[in-house]
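Everything below concerns the one structure shown next.
Reckoned from all heavy atoms, side chains included, excluding hydrogens, waters and symmetry mates. Counting convention: from 1, in listed order, for ligands and their atoms alike.
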Amino acid sequence: MEINIDKRSGFCFGVINAINIAESYLDRYGSLFSLGDIVHNNKEVERLKNKGLIVINYSDLKKLYNSRVLIRAHGEPPETYQIARDNHIDIIDASCPVVLKLQNKIKKGYEETHAINGQVVIFGKEGHAEVKGLAGQTGNNALIIGKDFNNIEKIDFSKPINLYSQTTQNKGEYKKLINLIRTRMQQHNCNPDKDLKVFNSICGQVSNRGPHLAEFARKHDIIIFVSGKESSNGRYLFEICRENNPNSFFVSEKAEIKKEWFENADKAGVCGATSTPMWLMEEVAERIKHYSK
Ligand code: SF4
């Protein structure tokens, strides 16, 4: 059986950058605190923990003094930097440059809309680390709209809106939300061409992978998609694989692979999310080899 690993799957540059920064500190000092998991992948987190990475949460941070703490690619709200200053903590800032740029845009957008009694709306997952960092730029006054558009009624459609998306959201869903907001504004006698500012803030590292993975999935008899279960772009990219090849399976590690999946397959494709390490996809491909005809 032919087995191909998708060369474009795996860590995006934001995650590679954060891991490189963490590893360079770990090599030098032997340990480093990380505020939250550095990547949504248990296997990679485990590997870094074995090198000395200590994952902490916000309540740990508040109790920490005179230490060194890494901020992961998702970025953080201003309060985190304030806690660090108060506690004499050195921040090792591995926030992704794309996220930082978006944080600055939102900060500026909030100041502008606030002055004209408008609102900042963010399309994203409530409680997600990146979304917390983005909303923090508005003093947590931004309205967060999730993918089910549940709390859309909280938007005041008669007022100006600046609309942003979390970097890893689905482009199609974002478009649906934009159209919905436009319609509702018109119903409230507000002109969306004038009062709705839409920012195209979905990261190309994720959105460009969709069409590529669709093609990769169609070219194979079976797809093994490798990702942590908690990765949102993992779930999104897996759905694309499944839509294009119903014989697609989601696994988090090689132990979850079943021999019978490959009974009628001549060509297997291994791919993954932006948080999936290449070494994990290689391990999976190696295991598939054992099940080959
Ligand atoms: S997906 Fe894009 S924005 Fe998010 S960490 Fe990766 S490169 Fe940065």
Glu46 side chain to Asn50 side chain, donor-acceptor N/O pair below 3.5 angstrom: no
Residue His212 excluded, over 12 heavy atoms near NE2 under 6.0 Å: yes
Residue Val98 vicinity, atoms of ligand 1 by number, heavy atom under 4.0 Å: 3 (S)
Atoms of ligand 1 close to Cys12 [distance to a heavy atom under 4.0 angstrom, numbered from 1]: 1 (S), 5 (S), 6 (Fe), 7 (S)
Top protein contact for atom 4 (Fe) of ligand 1, by heavy-atom distance: Thr167 OG1, 3.7 Å
N, O or S from Cys96 under 2.8 Å to atom 6 (Fe) of ligand 1: no
Atom 2 (Fe) of ligand 1: the protein heavy-atom neighbour that sits closest, reported with distance to 0.1 Å: Cys203 SG, 2.3 Å
Lys/Arg-Asp/Glu bridge criterion (N-O < 4.0 Å) met for Glu153, Arg184: yes
Lys154 NZ: over 12 foreign heavy atoms closer than 6.0 Å: no
Pairing of Lys107 and Glu111 as salt bridge, 4.0 angstrom limit: yes
